[in-house]
Amino acid sequence: MKTWTGSTNWRWKRDFIVLIFTGLMVLLFYSMTTENMRTIRNLVSKLQEEPVLCPVAISEESITPLRNTKHYLVSAFMDQRVKGFDIRIIGIFKRDSIHPLHCSFCCGGVCNKTSPANILPHSDNFGFPYTATDILCQIPENCDPSYVTVLTQPSSNVSDHVFIPIRNKKEEMRFNFTVCISSLFGDYNNVLQFAQTLEMYKLLGVNRVVIYNTSCGPELERLLQSYSQEGFVEMVPWPIDRYLKLTRGWRFSEHGGDLQYFGQIVTLNECLYRSMERSHYVLLNDIDEIIMPYKHDNLVSLMNTLEPQHSNVGEFLIENHIFPKKHFEPSGRFHLPQWEKVPGINILEHIYREDPQRGVYHPHKMIVKPKLIEQTSVHEVLRKFGERYKVPLEVCRIIHVRVALRGNLKLEELNEDKRLWDFQDKLIPNVDKALKRAGLLPAEEQN
């Protein structure tokens, strides 16, 4: 009988080698496939993160003329607080030329998806031909838009139109308090008061000041650039004078022009929406006004007190109080030599406060919770989702150093108010540093 031991061993070894080789090939194939899939997933993820550019013109300007109309677009924001709408565009519309319009979106590189526009002119137009206007749009199905524009006809060729970016899609809450300064224009060059006001707001807990700049004096421009580089001030170019006939007044019957006070209401609303997803509170006031707590050290502690008591309030009204600049504190203790050549008013020297004339309308300014506000005017909110609360003047009031409102009042009829002096130890050196940083103190002072 024959035996096949050698042949059997050889076959066993051959099968074992084939098995090992097959296993290695399977592992190699699995590894390569897994790596390829990982690479593909990474590429897809990157493509999803990076916005697809639309083959249309994208505006980088703060004011964009709207083709085939007399209107202008300013900015667009995600806003889903009004049922049935997703996007709010801030615009400037000519009131006698408002016709049906359509929103057109850029969706992943496709720029022909449209929806009807709902046009909401602001009620406070003061008789001017142009007014702040909101355009509400619904995003079409299966669309994640990056840009939007407005068309007169839904079938218009979008390649002839300019789109604007949609903001607030992925904004993070970064600030507690933001101040909105509506507009700088002309040769405004009140450097010292502006530096004191900004440093005062820093001490009160403000994180960001947004300023809309048409033009200003050269020294103030240097100061603003310095604060912008620091990150405290956000400068928004506002070349409204290129497009409309402007006025420094607020009533058309007296001042004429196309739009109230260099578009003040437009910029206040733009700032409100710009700040909506990144700031808990927004202060709406002028460049020479300070919203000052009188029973709290700062705005943080003020709102920490008011908020629990008035949780449904979105609009906190603060009464304006004039400190006439013609009356000076008699000792001259704050007439500091290093500030003598700096243009502008020294607010520490003005401590005499007018009482408002209670028999006539007296304006307020506001601290608002932006997510509860839909439209605002200068002295009050026009449309909101929350309530209104008038803050008692002994709790908080506006310090407004300017020309007297009640010029017939004698000095002895005014109230002495030294609230600003409570901050002198930090305010004065901080103002000095800001002026030096901008190169606005004389050389001997810098040395």
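The residues of the chain are indexed from 1 along the displayed sequence.
Checking side-chain atoms of Glu354 against main-chain N and O of Leu409 turns up no donor-acceptor pair under 3.5 Å. In this structure, His350 contributes its side chain and Lys325 its backbone to a donor-acceptor pair below 3.5 Å. For the pair Asn346 (side chain) and Phe334 (backbone), a donor-acceptor distance under 3.5 Å is present. Without hydrogens or angle criteria, Ser62 side chain to Pro237 main chain gives a donor-acceptor distance under 3.5 Å. Side-chain atoms of Asn207 come within 3.5 Å of backbone N or O of Asn176 as a donor-acceptor pair. Looking only at distances, a side-chain donor or acceptor of Thr149 sits under 3.5 Å from a matching main-chain atom of Val162. Of the possible polar contacts, none joining the His364 side chain to the Glu380 backbone as a donor-acceptor pair under 3.5 Å is found. In this structure a side-chain-to-backbone donor-acceptor pair under 3.5 Å is missing from Arg95 to Thr131. No donor-acceptor pair under 3.5 Å is formed between the side chain of Asn269 and the backbone N or O of Gln375. Checking side-chain atoms of Thr69 against main-chain N and O of Leu66 turns up a donor-acceptor pair under 3.5 Å.
Between Glu374 and Arg81 there is no salt bridge, since no side-chain nitrogen of the basic residue lies less than 4.0 Å from a carboxylate oxygen of the acidic one. Taking 4.0 Å as the cut-off between side-chain N and carboxylate O, Lys169 and Asp144 count as a salt-bridged pair. Classification of Glu230 and Lys433 as a salt-bridged pair fails, no side-chain N sitting under 4.0 Å from a carboxylate O. One finds a salt bridge joining Glu277 and Lys371 here, because a Lys/Arg side-chain nitrogen approaches an Asp/Glu carboxylate oxygen to under 4.0 Å.
By the neighbour-count criterion of 12 heavy atoms within 6.0 Å, atom CG of Asp422 is densely surrounded, having more than that number from other residues, nucleotides or ligands.
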Stepwise side chain to side chain contact (heavy atoms under 4.5 Å, CB included) test for Gln338 and Val431:
CA-CA 11 Å; Gln338 69 267 31; Val431 171; over 6 Å; no
Assess the residue pair Leu151 and Val158 against the criterion (side chain to side chain contact (heavy atoms under 4.5 Å, CB included)); give the C-alpha distance rounded to whole Å, side-chain angles, the decisive distance to 0.1 Å, and a yes or no.
CA-CA 8 Å; Leu151 310 175; Val158 295; 4.2 Å; yes
Decide yes or no on salt bridge (charged side-chain N to carboxylate O under 4.0 Å, His left out) for Glu219 and Arg222, but give the supporting numbers first.
CA-CA 5 Å; Glu219 288 85 4; Arg222 288 165 62 184; 5.6 Å; no
Start with the C-alpha distance between Arg397 and Arg353, add both sets of side-chain angles, then the distance that settles side chain to side chain contact (heavy atoms under 4.5 Å, CB included), and finish with yes or no.
CA-CA 11 Å; Arg397 61 167 65 103; Arg353 187 187 75 236; 3.3 Å; yes
Assess the residue pair Phe128 and Asp258 against the criterion (side chain to side chain contact (heavy atoms under 4.5 Å, CB included)); give the C-alpha distance rounded to whole Å, side-chain angles, the decisive distance to 0.1 Å, and a yes or no.
CA-CA 6 Å; Phe128 286 92; Asp258 289 330; over 6 Å; no
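Relative to the six-membered ring of Tyr273, Arg167 misses at least one condition, a distance below 6.0 Å or an angle of at most 45° to the axis. Judged by the 6.0 Å and 45° rule, Arg437 forms a cation-pi pair with Tyr227.
The ring of Trp238 has its center no closer than 6.0 angstrom to the ring center of Phe185. Taking the six-membered ring where the residue is Trp, the centroids of Phe177 and Tyr281 are separated by under 6.0 Å.
Contact between Leu302 and Cys396 at its shortest, heavy atoms only, is CD2-SG, 4.0 Å. Of all the heavy atoms in Leu283 and Ile367, the pair that sits closest is CG-CG1, 4.0 Å. For the residue pair Ile135 and Leu73, the shortest heavy atom distance occurs at CD1-CD2, 4.4 Å.
Under the side-chain contact (heavy atoms from CB on, under 4.5 Å) test applied with Phe93, the options Asn125, Asp134, Ile98, Leu120 reduce to a single match, Ile98. Exactly one of Lys384, Lys365, Lys390 qualifies for a salt bridge (Lys or Arg N to Asp or Glu O under 4.0 Å) with Glu315. That residue is Lys384.
The closest side-chain donor-acceptor pair between Tyr188 and Asp288, if any, does not fall under 3.5 angstrom. The closest side-chain donor-acceptor pair between Ser301 and Asn304, if any, does not fall under 3.5 angstrom. Between His296 and Thr305, the side chains place a donor N or O and an acceptor N or O closer than 3.5 Å (distance only, hydrogens not considered). Glu270 and Ser75 form a side-chain donor-acceptor contact under 3.5 Å, judged by distance and modelled atom types alone. Judged purely by distance below 3.5 Å, without hydrogens or angles, the side chains of Gln225 and Glu221 pair a donor atom with an acceptor atom. For the 3.5 Å distance criterion, the side chains of Ser377 and Asp124 qualify, holding a donor opposite an acceptor.
At a threshold of 4.5 Å between non-hydrogen side-chain atoms, the residues Asp432 and Leu336 do not count as touching. In this structure, the side chains of Ile351 and Phe323 stay at 4.5 Å or more apart for every pair of heavy atoms.
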